[in-house]
Amino acid sequence: MVPSKISFFENVYEVARLIPMGRVTSYGAIGAYLGSAKSARMVGWAMNNAHHQKPTVPAHRVVNRNGMLTGKFHFASANDMQRLLESEGIEVKHDRIVNFNAYFWDPREHLKIGPK
DNA sequence: ATTTTGACGACGT
DNA sequence: GACGTCGCCAAAA
C-alpha cells in the first residue's frame, strides 16, 4: 500500500472506528457501506492489517453476519476478543454474540440522521 | 502479469 | 434447518 494513496483498507479501519461502544457490526455491512457489499472478505482481510494501524481499531466489534467471533484467533489472545466485547456490555456465549441483532450497528445508520 | 488467498455472504441441496 | 458450494473483490506471494 502506498501512503500517498488511501487504500481500501484505510476505509475499512475508519468505519470500524465509527462503531460505538457496546455495538457490533458485520464485515458485509462495512463492505456495503463502502459500496462493495460483496467484498465482505476484503474487510476481514483489511483487519489483518488492523494490528499495524496506529489508532486502535476495534476489530473486536466486527464479526461475521452470524454474530460469531470468527476472527478471535487473530487477536493477541483468542479470549481477548470475547473479553473486550463483554467489557462493553455485550454478552458472548460460545464465541457468538447473544442477541446479536440488538447490538448490531449499521454504518449506514451513521449517515442516516433523521426519519426518511 | 498470474495465481492464491482470505477475520464472508448468499444461494443451492 | 444444517451442510455444501460458488461467487466476489482486492491485496500479497
Side-chain angles (χ1 to χ4, degrees):
Chain A
M1 65 178 84
V2 182
S4 302
K5 179 178 178 170
I6 305 301
S7 306
F8 184 85
F9 287 28
E10 292 282 337
N11 221 333
V12 176
Y13 306 140
E14 193 160 336
V15 175
R17 295 191 203 107
L18 293 174
I19 304 173
M21 184 186 232
R23 293 286 178 155
V24 289
T25 191
S26 62
Y27 305 95
I30 296 174
Y33 175 79
L34 298 176
S36 303
K38 297 175 180 178
S39 50
R41 311 173 99 188
M42 275 63 275
V43 178
W45 209 306
M47 281 312 198
N48 223 329
N49 258 352
H51 289 274
H52 304 226
Q53 301 314 310
K54 320 310 184 302
T56 319
V57 179
H60 59 275
R61 295 181 189 155
V62 184
V63 295
N64 68 0
R65 195 196 181 292
N66 292 321
M68 186 151 66
L69 285 57
T70 50
K72 70 175 190 176
F73 286 103
H74 294 257
F75 283 77
S77 299
N79 281 26
D80 275 3
M81 188 171 185
Q82 178 174 340
R83 185 168 167 158
L84 286 165
L85 290 170
E86 289 179 338
S87 182
E88 297 185 358
I90 300 174
E91 184 180 5
V92 178
K93 207 66 171 177
H94 240 40
D95 296 340
R96 195 193 85 178
I97 297 175
V98 180
N99 206 0
F100 173 65
N101 190 29
Y103 294 117
F104 185 77
W105 177 83
D106 195 324
R108 293 183 179 189
E109 188 178 333
H110 176 67
L111 294 178
K112 189 197 293 182
I113 301 172
K116 203 241 0 159

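In the text below, chain A, chain B and the rest are named by the order of the sequence lines, each starting its count at 1. Keep in mind that this is a model prediction, so the values were computed, not measured.
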Checklist entry - Is the count of non-hydrogen atoms from other residues, nucleotides or ligands lying under 6.0 Å from His52(A) atom NE2 greater than 12? => result yes

Item to check | Other residues, nucleotides, ligands: >12 heavy atoms within 6.0 Å of Asn101(A) CG | outcome: no

Item to check | Sidechain-backbone polar pair: Arg23(A) side chain, Trp105(A) backbone, donor-acceptor under 3.5 Å | outcome: no

Item to check | Atom pair CG/CG of Leu85(A) and Asp95(A) - distance to nearest 0.5 Å | outcome: 10.5 Å

Checklist entry - Between Val62(A) and Trp45(A), is there a shared hydrophobic cluster once you connect ILVMFWY residues whose side-chain heavy atoms come closer than 4.5 Å? => result yes

Item to check | Spacing of Asp80(A) atom CG relative to dA7(B) atom C1', expressed in whole Å | outcome: 15 Å

Checklist outcome for this item: Side-chain contact check for Phe9(A): nearest option of dA11(C), dA7(B), dC8(B) is dA11(C)

Checklist entry - Dot-bracket, DNA chain B: Watson-Crick or G-U, under 3.5 angstrom, [ ] crossing, | other strand? => result .|||||.||||||

Item to check | Interface with DNA chain B, restricted to residues 17-30 of chain A and to heavy atoms under 4.0 Å | outcome: Ser26(A), Tyr27(A), Gly28(A)

Item to check | Distance, nearest 0.5 Å, that separates CG of Asp106(A) from OG of Ser26(A) | outcome: 7.5 Å

Checklist entry - Atom NE2 of His52(A) to atom C1' of dA7(B): distance rounded to whole Å? => result 13 Å

Item to check | Rounded interatomic separation in angstrom, taking CG from Asn11(A) and P from dA11(C) | outcome: 11 Å

Item to check | Atom pair CD (Glu14(A)) and CD1 (Ile30(A)), whose distance is rounded to the nearest 0.5 Å | outcome: 12.0 Å

Checklist entry - Can you tell me how far NE2 of His74(A) sits from CG of Asn48(A), rounded to the nearest 0.5 angstrom? => result 6.0 Å

Checklist entry - Which nucleotides of nucleotides 2-7 of chain C have their base under 4.0 Å from a protein heavy atom (B), which only their sugar-phosphate (S), and which neither (-), written as one string 5' to 3'? => result -----B

Next on the checklist: Within this structure, what is the CG-CZ distance for the pair Leu84(A) and Phe75(A), rounded to the nearest 0.5 Å?
Outcome noted: 7.0 Å

Item to check | Heavy-atom pair of closest approach, residues Ala16(A) and Pro58(A) | outcome: O-CG, 3.1 Å

Next on the checklist: Just to be sure I understand the rule, does His51(A) reach a base, reach only the sugar-phosphate, or reach nothing, if contact means heavy atoms closer than 4.0 Å?
Outcome noted: base

Checklist entry - How close or far is atom C1' of dA7(B) from atom NE2 of His74(A), stated in whole angstroms? => result 5 Å

Checklist entry - Roughly how many Å is it from CG in Asp106(A) to C1' in dG9(B), rounded to a whole number? => result 15 Å

Checklist outcome for this item: Of Gln82(A), Lys72(A), Glu88(A), the one forming a side-chain hydrogen bond (donor to acceptor under 3.5 Å, both in side chains) with His60(A) is Glu88(A)

Next on the checklist: Just the rounded figure in Å: distance from C1' of dA11(C) to CH2 of Trp45(A).
Outcome noted: 7 Å

Item to check | Arg17(A), CZ: over 12 other non-hydrogen atoms inside 6.0 angstrom | outcome: yes

Checklist entry - CG of Asn49(A) versus C1' of dA11(C): gap in Å, rounded? => result 9 Å

Next on the checklist: Let's see if you get this right: which residues in residues 64-71 of chain A place a heavy atom under 4.0 Å from DNA chain B?
Outcome noted: Asn64(A), Arg65(A), Thr70(A), Gly71(A)

Next on the checklist: Test of understanding: with side-chain contact (heavy atoms from CB on, under 4.5 Å), list the residues that count as partners of Asn79(A), not counting sequence neighbours.
Outcome noted: none

Next on the checklist: Assigning hydrophobic clusters by single linkage (Ile, Leu, Val, Met, Phe, Trp, Tyr; side-chain heavy-atom cutoff under 4.5 Å), is Met68(A) placed with Phe100(A)?
Outcome noted: no

Item to check | Nearest-0.5 Å distance, OH of residue Tyr103(A) to CZ of residue Arg61(A) | outcome: 13.5 Å

Next on the checklist: Counting the atoms with a prime plus P, OP1 and OP2 as sugar-phosphate, which does Ala37(A) contact under 4.0 Å by heavy atoms, base, sugar-phosphate, or nothing?
Outcome noted: nothing

Checklist entry - Going by heavy atoms closer than 4.0 Å, what residues in residues 88-96 of chain A are next to DNA chain B? => result none

Checklist entry - Looking only at atom types and distance, does a side-chain atom of Tyr13(A) sit under 3.5 Å from a main-chain N or O of Ala46(A), one as donor and one as acceptor? => result yes

Checklist entry - Quick one: which of dA7(B), dA11(C), dC8(B) gets closest to the side chain of Ser7(A)? => result dA11(C)

